[in-house]
Amino acid sequence: MSDVILRLALPSPLRRLFDYRAPASMARQTLTPGMRIRVPFGRREMIGILVEVTDKSEVPADKLKPAIALLDPVSPLPPALFKLCLWTAQYYQHSLGDTLSWALPVLLRQGELAEARQERFWHVAPGARLDDPRIARAPRQREALATLAQHPHGVAHTLLSKLMLSKDSLGLLLAKELVQIEVRRHLPVERHEHWLAQPELPLNEEQRAAFNAVRSGFGGFHAFLLAGVTGSGKTEVYLQLIRETLEAGKQALILIPEINLGPQTLARFEQRFNARIALLHSAVNDRERLDAWLAARDGEADIIIGTRSALFTPMKHPGLIIIDEEHDGSYKQQEGLRYHARDLAVVRAHQENIPILLGSATPSLESLHNAHTGRYGLLRLNHRAGSAQQPRFLRLDVKSRPLDSGISGPLQQAIGQTLAAGQQVLVFLNRRGFAPTLLCHDCGWMSECPRCDARMTVHQRSNVLRCHHCGYDEHVPRQCPQCHKVDLRPVGAGTERAEERLSILFPNIPVLRVDRDSTSRKDAMNQLFATIQRGQPCILVGTQMLAKGHHFPRVTLVAILDADGGLFSGDFRASERMAQLIVQVAGRAGRAEEPGKVIIQTHLADHPLLVQLTEQGYFAFAEQALSERRAAGLPPFAHLALLRAEAHKPGQAESFLDEACSAAEQLLAELNLHGIELLGPVPAPMERRAGRFRAQLLLQANARAPLHRLISAWLLLLEHMPSGRQVRWSLDVDPVDLY
Ligand code: ADP
Ligand code: ZN
Ligand code: ZN
């Protein structure tokens, strides 16, 4: 019997590896870490990833099951990617098997061959001649044959129409055996000699300094924070650094936030370069994702662009990583493997010994702190590129002013004036739907979600009440469910209501709404943007989908209907997020010749953070916010981990967390660890959500190392705690949202 033991990572939440016996068919010397192996697991089969080959196991020999099959002749995971996954699993205290299954393309996890898709190629048959008498009177077939003859490697079926090759003519040629079809892998597209498809803009002085700084960091690990106001030409700096990377024979990886997936952002990269671009974002299907991943791995893609998970794309010749809008919340995954793609990107750049550039107009306080402490080089672009100027801010105090669907009188006037001057207006409101609540004017009933501690939003177009936390929905009732009177009123305003009201106030002006409800149709967003680009006066109403990446040259007034939520929220990051949102939305104003104005409606017009933000700008705000964080012992001056639990019955989550808390206290003493505080357990800010009762325990530490020592010992205890079986629990290292 073989005594070769395969130690595998399996897609399971358990933080351990699983041992199997290698069947005789698997020769030890052919096995390398990263290979995929099919194994029995309970009554199912699973695909695991080989981590190590050994000859000892703690599992008794008669309990060891044999592996079923080896799926790869060589490991599909390059060692660098494997190393990154190991680091990730360890840092986020997540099972390695589950980490790998988040990191790898879905088809690889399912056992698909780690090879690019096979394609059909059309070829001229050997011996076929253009003057073949059978096509003497068929000019279209002759033409098709002549075109095909110009492509000695054949033409992929998917490219026929691009070359004006008619499938009918080819079909007739095939019947005469003048052409052939071959099924094979796509030949790698050759690298271009000349990278630029479009001339570069001459960099201004600030851009040049930033470019030179990063350029001189090529060839080793260096992290830079490019803090440039909106419209300062950060993207142009990225593009020129990417060109340098390509010229050096290397690949560039660019991460963009989910919200920037718009065609505008991608087009800028595609138009600039004659490069092989691999796209990895939520809109590509599994097959395309695997092909892009393989192309990047094999050095057949020059530029890799994608959202969060594209961070785990292997590169054969890594040269540069760019994180655009590094402050964006979509870089943090909120379920399963709760990683932060920006933080991991820095780790990856370090492991691969390449430079990384984090760019934003509103850098996260974490990154600013890293710049202050010298871990990142700080590069500033303080001026808009070209002739555009920074917008002016106005805080409009709406205390004791009547609001008409969320819009005050002075704001209506300002909108009217802007439209009359032939310009466009952007109205920002981060709340979808018609109104956040439905209220009975007679008895005070409110539209509570039956499954959450939250109100259901009125959606008038679709005539439903919908909970934005769990998705539950029902018809808008005609009469009060409690007192049966009919005086039900929507309270407050969402984008749908603002849109409706603005259409009435400005009847001759198009009002375009941009939010998840209005743009769910695939091309709706593009149509909207086409209208906006035409430049006629119009009003755009939208949520944060409007905030980033878009270029609206004719918008000169930005109205922020409600900025107050971020100023008195319980979440310590709320003010940072609000400031980022305000500045990003404001950045849409006056991007071209006309100067822009930003009006912020608020009940807290004198709030120090708001005053500082609007009068001195984001960086002054950020300094203030950082000093508050320091005083309060909060990140980035402390390190957090959050243990969340939820259960069907009230009290279950708390009792699990109570037990977890005592276990942690005991470990702190046993391991002699200091500087860690256990805060809680407490009910989650929204205690009931989707029918489950939720609670949490926060760990706050002044240093990372002891926190991680505690957690790794602690999690092993938690996995075996009986009270943990009744609850769903998870640990979030460096949590972003404390809900
Ligand atoms: P950011 O990414 O910082 O928001 P962009 O790269 O989108 O800024 O640049 C804003 C505008 O300025 C774009 O229209 C861009 O073409 C233009 N621009 C950028 N760099 C220059 C430059 N050096 N000279 C002239 N125009 C520039
Ligand atoms: Zn009622
Ligand atoms: Zn709900």
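Positions are given from 1, in the same order as the sequence printed here. We count ligands from 1, going down the list as the structure has it; atoms in each ligand are counted the same way. Excluded from the calculations below are hydrogen atoms, water molecules and symmetry mates; all remaining heavy atoms, backbone and side chain alike, are included.
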Inset, instruction - Consider every N or O of L203 and every N or O of ligand 1, then say whether any pair is closer than 3.5 Å. - result: no
Legend entry - Presence of N, O or S from C440 under 2.8 Å of the Zn ion (ligand 2): yes
Inset, instruction - May I ask you to list the atoms of ligand 1 that are less than 4.0 angstrom from any heavy atom of N204? - result: 23 (N)
Legend entry - Part of R268 within contact of ligand 1 (heavy atoms, under 4.0 Å): side chain
Legend entry - Test item: R348 side-chain N/O and L311 main-chain N/O as donor-acceptor pair under 3.5 Å: yes
Legend entry - K597 NZ to Q423 CD distance, which is reported to the nearest 0.5 Å: 10.5 Å
Inset, instruction - Assess H484: does it contribute an N, O or S atom lying under 2.8 Å from the Zn ion (ligand 2)? - result: no
Legend entry - Atom of C483, atom of C440 and distance for their closest heavy-atom approach: SG-SG, 3.7 Å
Legend entry - E576 side chain to L365 backbone, donor-acceptor under 3.5 Å: yes
Legend entry - Q544 backbone acceptor or donor facing N430 side chain under 3.5 Å: yes
Legend entry - Minimum non-hydrogen distance to atom 22 (C) of ligand 1, winning option of S360, P202, G359: P202
Inset, instruction - Please answer whether the main-chain N or O of P477 pairs with a side-chain N or O of H475 as donor and acceptor at a distance below 3.5 Å. - result: no
Legend entry - Carboxylate-amine/guanidinium proximity below 4.0 Å for D453 and R689: no
Legend entry - ligand 1 to G228 polar contact by distance, N or O atoms, under 3.5 Å: no
Legend entry - Selection from T235, V237, L239 by shortest heavy-atom distance to atom 2 (O) of ligand 1: T235
Inset, instruction - Return yes or no for this condition: an N or O of K234 is under 3.5 Å from an N or O of ligand 1. - result: yes
Legend entry - Angular separation of SG (C480) and SG (C483) seen from the Zn ion (ligand 2), to 10°: 110°
Legend entry - SB check D562 R431 (cutoff 4.0 Å): yes
Inset, instruction - Check each of A361, S232, G233, G587 against atom 5 (P) of ligand 1 and report the one with the nearest heavy atom. - result: G233
Legend entry - Ionic contact status for R243 with E200, cut-off 4.0 Å: yes
Inset, instruction - For the pair H459 (side chain) and R461 (backbone), establish whether a donor and an acceptor sit closer than 3.5 Å, ignoring hydrogens and angles. - result: no
Legend entry - Shortest non-hydrogen contact from A493 toward P436: N-CD, 3.7 Å
Inset, instruction - Examine the proximity of ligand 1 to Q207 and report which part, side chain or backbone, both or neither, has a heavy atom under 4.0 Å away. - result: side chain
Inset, instruction - Determine yes or no for a side-chain-to-main-chain donor-acceptor pair under 3.5 angstrom, with S367 supplying the side chain and P363 the backbone. - result: no
Inset, instruction - For the Zn ion (ligand 3), report each protein N, O or S atom nearer than 2.8 Å, sorted by chain and then by residue number. - result: C449 SG, C452 SG, C467 SG, C470 SG
